[in-house]
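Since the structure comes first, as structure tokens, the remarks are kept for the end.
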Amino acid sequence: MKEKTTIIIMALVISICLAATACAAQNQGGKAGSQMASANNDLSPLEKELAKVHEEFTTFAHSFVIKLNQNDLTGKTRIQVSKRADGKFRATYTEVDPSSIVCQVKKTTTPVVPYLGILKYKKKTWECIGDTAQSAKTGKFISTNAKATTEYHNYNAKKHRWGR
């Protein structure tokens, strides 16, 4: 139950952030929103279709990242603690940085898999040093590493959904 509540809350936060970004883009410079709408009307049917598929893939990617962070064996809910040579304790966990997500969609030549979604993100390692294992687990974590990752996801035309 707690996991479902967390998923719902995180999905709402992402939705709000996406909506706020869209509103900011529309309000920027006064004419930006009407220019975007006008530009959208100038798109070919293929470009409009790709824009729609890109939006769907972006929604899928954000949900996918939420699940990645929840189920990661080295994630925030499964902090790893080790004792260092100096006697202090080092607590670490990893998580995908949602703000680093970049989504791309490409049209393929295969009717069964008409689109390829490319998801890029950074997986950060967080670390905290403490005098005890508990103080290391509950202290202030700092990001010590960020690994760039690229994943490819296919759009299944028969099932009308994204997958690996």
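The basis for the numbers below is simple: all heavy atoms, side chains too, and nothing from hydrogens, waters or symmetry mates. Starting from 1, each residue takes its place in the sequence as its number. All of these numbers come straight from a predicted model, not from anything done at the bench.
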Fill in the blank from the handout: Value for CG (L50) from NZ (K106), rounded to nearest 0.5 Å, stands at 11.5 Å

Exercise for the section: Quick one: pull up CG in N154 and CG in L116 and give me the separation to the nearest 0.5 Å. Expected result: 6.0 Å

Exercise for the section: Over all heavy atoms of both residues, which pair between V96 and Y121 is shortest? Give the atoms and the distance, please. Expected result: CG1-CD1, 3.4 Å

Exercise for the section: Determine whether I129 and V81 fall in the same hydrophobic cluster, where Ile, Leu, Val, Met, Phe, Trp and Tyr are linked whenever their side-chain heavy atoms lie under 4.5 Å apart. Expected result: no

Practice task
Tell me, with the steps shown, if T149 and K120 meet side chain to side chain contact (heavy atoms under 4.5 Å, CB included).
Solution key: CA-CA 6 Å; T149 303; K120 297 179 180 186; over 6 Å; no

Practice task
Without swapping roles, check the side chain of T110 against the backbone of V113 for a donor-acceptor pair under 3.5 Å.
Solution key: no

Problem - Salt bridge present between R84 and D86 (N-O < 4.0 angstrom) - result: yes

Exercise for the section: Name the orientation class of the two ring planes belonging to Y155 and W162 (parallel below 30°, tilted from 30 to 60°, perpendicular beyond 60°). Expected result: perpendicular

Handout entry: Side-chain heavy atoms of H153 within contact of F64, under 4.5 Å
Key = yes

Fill in the blank from the handout: Rounding to 0.5 Å, atoms OG1 (T74) and CD (E95) come to a distance of 10.5 Å

Fill in the blank from the handout: Rounded to the nearest 0.5 Å, the CG atom of N69 sits from the NZ atom of K123 at a distance of 8.0 Å

Exercise for the section: Ignoring hydrogens and angles, tell me if any N or O in the side chain of N156 forms a donor-acceptor pair with the backbone of K158 under 3.5 Å. Expected result: yes

Exercise for the section: Please name all residues satisfying side chain to side chain contact (heavy atoms under 4.5 Å, CB included) with K124, sequence neighbours left out, ordered by chain then number. Expected result: D97, W126, S143, A146

Problem - Shared hydrophobic cluster, Y93 / L68 (ILVMFWY, side-chain heavy atoms < 4.5 Å) - result: no

Completion exercise
Nearest heavy-atom approach of P114 to A157 is CD-CB, 3.7 Å

Problem - Minimum heavy-atom distance between I79 and K137, given as atom pair plus value - result: CD1-O, 3.9 Å

Handout entry: Nearest-0.5 Å distance, OG1 of residue T150 to CD1 of residue I118
Key = 8.0 Å

Exercise for the section: Answer yes or no: are there more than 12 heavy-atom neighbours, outside K107 itself, under 6.0 Å from its atom NZ? Expected result: yes

Problem - Heavy-atom neighbours of R78 CZ exceed 12 at 6.0 Å - result: yes

Handout entry: Spacing of SG belonging to C103 relative to CD belonging to E55, to within rounding of 0.5 Å
Key = 11.5 Å

